[in-house]
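A quick write-up on the structure given underneath.
All values below were derived from every heavy atom in this structure, side-chain atoms included, with hydrogens, water molecules and symmetry-related copies excluded. So that the names make sense, note that chain A is the first sequence line, chain B the second, and so on, each numbered from 1.
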2 protein chains.
Amino acid sequence: MSKPIQQRTLRTRARLLEEADALVRESGYEALRVEDVVARAGVAKGTFFAHFRDKDALMELLIGGELDTLLERAESVPVPRDVAGICAQLMPLHSFMTSERYVFDVILRYSGAAAVSEIGPIAKSFDRYVTLVAGWISAGSYRRDVDAELLAEGVQAFAVQSMALQFCALHAAQSFEARLQTYLRAWLTPAV
Amino acid sequence: MSKPIQQRTLRTRARLLEEADALVRESGYEALRVEDVVARAGVAKGTFFAHFRDKDALMELLIGGELDTLLERAESVPVPRDVAGICAQLMPLHSFMTSERYVFDVILRYSGAAAVSEIGPIAKSFDRYVTLVAGWISAGSYRRDVDAELLAEGVQAFAVQSMALQFCALHAAQSFEARLQTYLRAWLTPAV
DNA sequence: GCAAATAAGTGACCACGGTCAATTTATGGA
DNA sequence: TCCATAAATTGACCGTGGTCACTTATTTGC
């Protein structure tokens, strides 16, 4: 009945992750090749796919890990007290998300959980993002006619929109941060 | 100096598009294979890439064409007079966008123009969407503290968010239309 | 300790998007 | 009509993600 995970398995998996991480640091996410990872880890290609469903599963781990680190940092700082503060505090996160077009695409593709039973690292981060921002909103003085959770989801939607527009040549005039602030002021502090 | 486009070119391109369209109607967008398209069009693989930069360029044409048809229809109907009306009128468009996960991903990836000089069909549709909705908002009685263009961009952001959440198992409880209406009421008619 | 059972790892192979030097076909001028 | 030039087409070939029948290593029962 016992199916203990063999030491070998852990070592192999660790090496794969380690080398993948190193390769990403050297040449970025988009340039990552499975063949390079296995070559440097000293295993066969098939071994890679015994450890990760596909290349994207590894990508999710790498990118999700980075998102988690950045979220951690954003959480461990005093609550921002206005829209500009919220934008500033989320900036490192948004910078990373837009550091490569490829990264942004992967994040969007995996931001939702495909199945309840298996919530991927990126989907988890997206939830954490909403929870974090909802907390900030609850603590601050923003509109009260809708609840903080919904407002936080809106912040995420506007952040995604702003990031997408940053990649768009037609909307390059306005900076990412300026655009996001405009959206969030209209969303969080409407003056009707 | 004359460089008239040969009849042959037009015929080949038309055949490729025609067969691709037929294949999509038979098996959906995700299942489309370049090899199948060229086989049915009776040309070599290289010919395909002489007509389209890559597979995605064809995908953009097919999906962009569909979006245009649906936008046309949405434009040729009386202006909706409330949030529910806006959602209803955009429904066919949103349904198509979420008809396949793959379609949604392609749309997101190409919703922004990579270069001002070359705005793709999908990016064009996204602009048209914003213009259309901005017109509706100007004609209706919604908040006036920010301009219609910005509000329309917000509508698009919330539509994208709602569609993304529809693919997410964690948020399957609420229907797409209900969620979008909740967002849009909060966005277009805040009651602070 | 040893054999059977199970887990881990291997690498030849496939699918499919994309490239390019070579070939075929069309066009305009003499 | 024929030739020179340019445009269109070809298909063998490549890169890379992913599969799977088989081999090798590890654990378990006796």
Side-chain angles (χ1 to χ4, degrees), chain A residues 1-20 23-24 26-63 100-103 105-106 109-110 114 120, chain B residues 1-20 23-24 26-63 100-103 105-106 109-110 114 120:
Chain A
M1 305 272 52
S2 56
K3 284 191 196 167
I5 304 136
Q6 297 183 8
Q7 285 303 314
R8 187 172 46 149
T9 310
L10 296 175
R11 257 186 291 118
T12 305
R13 189 189 161 88
R15 283 226 58 185
L16 284 169
L17 278 169
E18 199 179 307
E19 295 301 338
L23 281 164
V24 164
E26 282 168 30
S27 333
Y29 289 89
E30 178 150 32
L32 191 72
R33 296 285 170 271
V34 172
E35 307 213 337
D36 293 345
V37 176
V38 297
R40 285 178 51 157
V43 298
K45 207 183 203 175
T47 303
F48 179 96
F49 294 97
H51 286 267
F52 309 101
R53 188 194 348 283
D54 51 25
K55 186 188 170 183
D56 278 3
L58 169 67
M59 227 65 238
E60 268 208 272
L61 285 176
L62 296 176
I63 293 175
E100 281 181 49
R101 173 80 228 205
Y102 173 77
V103 168
D105 287 342
V106 171
R109 187 158 51 247
Y110 293 101
Chain B
M1 317 315 59
S2 54
K3 281 193 198 168
I5 305 136
Q6 297 184 9
Q7 286 303 313
R8 188 170 47 145
T9 311
L10 295 175
R11 257 185 293 119
T12 304
R13 190 190 160 89
R15 285 225 57 187
L16 285 168
L17 277 169
E18 199 179 308
E19 295 301 339
L23 280 165
V24 164
E26 283 168 29
S27 331
Y29 289 90
E30 177 149 33
L32 192 70
R33 296 285 170 270
V34 172
E35 306 212 338
D36 293 344
V37 176
V38 296
R40 284 179 52 157
V43 298
K45 206 183 204 175
T47 303
F48 180 96
F49 293 97
H51 286 268
F52 309 101
R53 189 196 347 281
D54 53 23
K55 186 188 169 183
D56 278 2
L58 168 67
M59 227 67 238
E60 268 208 273
L61 284 176
L62 296 175
I63 293 175
E100 280 181 51
R101 174 79 229 206
Y102 173 78
V103 169
D105 287 343
V106 171
R109 188 159 47 247
Y110 292 101

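Mapping B:Asp54 and A:Lys45 onto DNA chain C by nearest heavy atom places A:Lys45 at the nucleotide closer to the 5' end. Taking the nucleotide of DNA chain C with the nearest heavy atom to each of B:Gln7 and B:Arg33, the more 5' of the two is matched to B:Arg33.
Across all strands, B:Leu32 comes closer than 4.0 Å only to sugar-phosphate atoms, never to a base (heavy-atom distances). Within 4.0 Å (heavy atoms only), B:Thr9 reaches sugar-phosphate atoms of the nucleic acid but no base atom. In this structure, A:Lys55 reaches the sugar-phosphate backbone alone: every heavy-atom distance under 4.0 Å involves primed, P, OP1 or OP2 atoms, never a base.
Distance, B:Arg13 CZ to D:dT9 P: 12 Å, rounded to whole Å. D:dA7 atom P lies 15 Å from atom CG of B:Leu10, rounded to whole Å. Here the C1' atom of nucleotide D:dC13 and the CD atom of B:Glu35 are 13 Å apart, to the nearest Å. Distance CG (B:Leu16) to P (D:dA8): 14 Å, rounded to an integer number of Å. Here D:dG18 presents its C1' atom at 14 Å from CG of A:Leu58, a figure rounded to the nearest Å. With rounding to whole Å, B:Arg11 atom CZ is found 11 Å from C:dT25 atom C1'. Put simply, CZ on B:Arg15 is 18 Å from P on D:dA8, counting in whole angstrom units. What separates CZ of B:Phe48 from P of C:dT19 is a distance of 11 Å, to the nearest Å.
For the pair B:Val37/B:Val43, no side-chain contact is recorded, criterion being any heavy-atom separation below 4.5 Å from C-beta on.
Rounded to the nearest 0.5 Å, atoms CG (A:Leu16) and CZ (A:Phe52) are 5.5 Å apart. In this structure, CZ on A:Arg40 lies 14.5 Å from CZ on A:Arg33, to the nearest 0.5 angstrom.
Ranking D:dT10, C:dC16, D:dT26 by closeness to the A:Gln6 side chain, first place goes to D:dT26. Side chain of B:Thr47, nearest nucleotide from C:dG11, D:dT9, D:dG11: D:dT9. In this structure, the nucleotide among C:dT10, C:dG17, D:dG17 sitting nearest to the side chain of B:Val34 is C:dG17. Side-chain proximity of B:Phe49 to D:dT27, C:dT19, C:dG9: nearest is C:dT19. When each of C:dT10, C:dG9, D:dA8 is scored by its nearest atom to the side-chain atoms of B:Arg8, the top-ranked nucleotide is D:dA8.
Enclosure of atom CD in B:Gln7 is not indicated, since only 12 or fewer non-hydrogen atoms of other residues, nucleotides or ligands lie within 6.0 angstrom.
Taking 4.0 Å as the cut-off between side-chain N and carboxylate O, A:Arg101 and A:Asp105 count as a salt-bridged pair.
Within the structure, every side-chain polar atom (N or O) of B:Thr12 is placed at least 4.0 Å from both OP1 and OP2 of D:dA8. Checking the phosphate oxygens (OP1, OP2) of D:dA8, no side-chain nitrogen or oxygen of B:His51 falls inside 4.0 Å.
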